[in-house]
K.L.:
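Got a structure for you, written out below as structure tokens; questions coming shortly.
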Amino acid sequence: MSEERPGARLWAGALGVATLASLGPAGIGGILVHARPGPVLDRFMAELKRLMPDQPFRKVPPQISDDRLVGGLDLAATLAAGRPVAERGLIASADGGWLVLPMAERAGGLTASRIGAMLDHGEIIVERDGIAARHAVRAGLIAIDESADEEETVPAALAERLAFRLDLDQISPREAESFAGTGLDEINAARALWPRVTIDDGFLAALVETGLALGVDSMRASRFAVETARRLAALAGRDSV
């Protein structure tokens, strides 16, 4: 019997991450994907969308303006109403779903800070052109790192807020042909159970202590570990970790 190729194992792991993310963006921030454009990335994105058919996916253009990203003055509505009317931006339109940021390694500082603030606070605040608006946004980020060398990196304001990291460049198109992913009925059942999943103090302490022993002293990383454990429990049909 031939040994399983490393790329096939990596693809299975990528499908597992897609399944975990499909329960919703709350608590995990999102996924940092290192991958250049091609069939493997296309198949991964297709699997995400298959698992989340009712969640919006909003692509963020690399050179998007700030008013398009977070919103600004809606000129037509303002003229009709005779008062300043705010227009919802691209981030707000992703509420309940996902922002997809290609070429994330080239994201500008303002774009990164805007998205990072949304991931932290679950809202976008617009204050410009005589308007002040606050939009609740519960969305995640799929940041696609297309860099070809180590000199280009995704801004830390984004990378450190994403629970999962994948390297799809190590997977061949042939290894990514399998789509034996989780069924939608199982996903829906886990999605309904997940908010009720509990974790006791002993497991919490074990996760934090393990992180510290490995040199991971970030509380954000510990929260990601707890959230991942809760999702794994829900997918297994359990109401506790």
Side-chain angles (χ1 to χ4, degrees), residues 14 17-18 21 25 28-49 52 55-79 84-169 220:
V17 166
I28 60 167
I31 310 170
L32 175 57
V33 182
H34 185 269
R36 278 164 283 189
V40 177
L41 177 59
D42 291 346
R43 289 169 185 167
F44 179 71
M45 293 303 301
E47 176 67 357
L48 284 173
K49 293 175 182 179
M52 297 177 271
Q55 296 181 25
F57 285 76
R58 299 287 185 261
K59 185 176 180 180
V60 182
Q63 303 302 322
I64 189 171
S65 65
D66 191 53
D67 61 345
R68 177 72 185 92
L69 185 67
V70 301
L73 188 68
D74 187 327
L75 184 57
T78 294
L79 292 174
V85 177
E87 179 182 34
R88 288 168 64 88
L90 184 63
I91 291 179
S93 74
D95 185 35
W98 300 84
L99 293 169
V100 181
L101 179 63
M103 292 189 288
E105 74 281 3
R106 299 184 184 180
L110 183 56
T111 295
S113 66
R114 292 291 199 188
I115 297 175
M118 179 276 292
L119 294 174
D120 280 348
H121 305 297
E123 66 178 10
I124 281 292
I125 299 173
V126 184
E127 294 178 335
R128 58 148 60 92
D129 302 325
I131 59 174
R134 187 184 299 264
H135 302 294
V137 185
R138 304 296 179 183
L141 173 67
I142 301 164
I144 303 173
D145 177 2
E146 302 177 27
S147 62
D149 56 59
E150 295 181 357
E151 294 182 2
E152 292 183 302
T153 59
V154 174
L158 297 178
E160 66 186 15
R161 287 171 167 80
L162 307 178
F164 303 112
R165 301 190 180 196
L166 299 173
D167 188 348
L168 300 186
D169 278 348
R220 184 178 283 121

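No experiment lies behind these values; they were computed from the predicted model shown.
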K.L.:
Nearest heavy-atom pair of A139 and A94: which atoms, and what distance?
P.N.:
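Closest heavy-atom pair between A139 and A94: CB-O, 3.4 Å.
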
K.L.:
Quick one: pull up CG in D169 and CZ in R36 and give me the separation to the nearest 0.5 Å.
P.N.:
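Taking CG in D169 and CZ in R36, the distance rounds to 4.5 Å.
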
K.L.:
Identify the heavy atoms of A21 and M52 that sit nearest to each other, and give their distance.
P.N.:
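Taking every non-hydrogen atom into account, O-SD, 4.0 Å.
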
K.L.:
When you look at CZ of R220, are more than 12 heavy atoms from neighbouring residues, nucleotides or ligands closer to it than 6.0 Å?
P.N.:
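Result for CZ/R220: enclosed.
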
K.L.:
Do the side chains of R138 and P25 get nearer than 4.5 Å, heavy atoms only?
P.N.:
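No, side chains not in contact.
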
K.L.:
Out of curiosity, I142 CD1 to L48 CG, how far, rounded to the nearest 0.5 Å?
P.N.:
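The CG atom of L48 is 5.0 Å from CD1 of I142, to the nearest 0.5 Å.
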
K.L.:
For A143 and L162, which heavy atoms make the closest approach, and how far apart are they?
P.N.:
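Smallest interatomic distance, heavy atoms only, reads CB-CD1, 3.9 Å.
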
K.L.:
For L168 and R43: C-alpha separation, side-chain torsions, deciding distance, then whether side chain to side chain contact (heavy atoms under 4.5 Å, CB included) applies.
P.N.:
CA-CA 10 Å; L168 300 186; R43 289 169 185 167; over 6 Å; no

K.L.:
For the atom pair CG (L158) and OG1 (T111), what is the distance rounded to the nearest 0.5 Å?
P.N.:
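Answer for the CG-OG1 pair, L158 versus T111, is 9.0 Å.
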
K.L.:
If you measure from CG on D66 to CG on L110, what distance do you get to the nearest 0.5 Å?
P.N.:
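Those atoms lie 4.0 Å apart.
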
K.L.:
What I'd like to find out is whether the side chain of F44 reaches to under 4.5 Å of the side chain of I144, using heavy atoms alone.
P.N.:
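With C-beta onward as the side chain, the pair stays apart.
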
K.L.:
Using a strict threshold of under 4.0 Å (side-chain N to carboxylate O), is an ion pair present between D145 and R165?
P.N.:
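Salt bridge flag = no for D145 with R165.
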
K.L.:
Would you list the pairs meeting side chain to side chain donor-acceptor pair (under 3.5 Å) in which at least one residue belongs to residues 92-106, sequence neighbours left out?
P.N.:
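The answer is Q55-W98, R58-S93.
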
K.L.:
Side chain to side chain contact (heavy atoms under 4.5 Å, CB included) between L141 and R161: does it pass, once the steps are laid out?
P.N.:
CA-CA 9 Å; L141 173 67; R161 287 171 167 80; over 6 Å; no

K.L.:
Ignoring hydrogens, what is the shortest heavy-atom contact between P155 and A107? Give both atom names and the distance.
P.N.:
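Minimum heavy-atom separation between P155 and A107: CG-O, 3.8 Å.
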
K.L.:
So, taking the atom named CD1 in I91 and the one named CZ in R68, what distance separates them when rounded to the nearest 0.5 Å?
P.N.:
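Interatomic distance, I91 CD1 to R68 CZ, rounded to 0.5 Å: 10.5 Å.
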
K.L.:
I want to check something: taking the side chain as every heavy atom from C-beta on, are M118 and L69 in contact at a cut-off of under 4.5 Å?
P.N.:
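The answer is no; the side chains never approach within 4.5 Å.
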
K.L.:
Looking only at heavy atoms, which two atoms of L32 and A159 are closest? And how far apart?
P.N.:
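It is CD2-CB, 4.1 Å.
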
K.L.:
For residues E123 and I125, report the shortest heavy-atom separation together with the two atoms involved.
P.N.:
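Residues E123 and I125, closest heavy atoms: OE2-CD1, 3.7 Å.
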
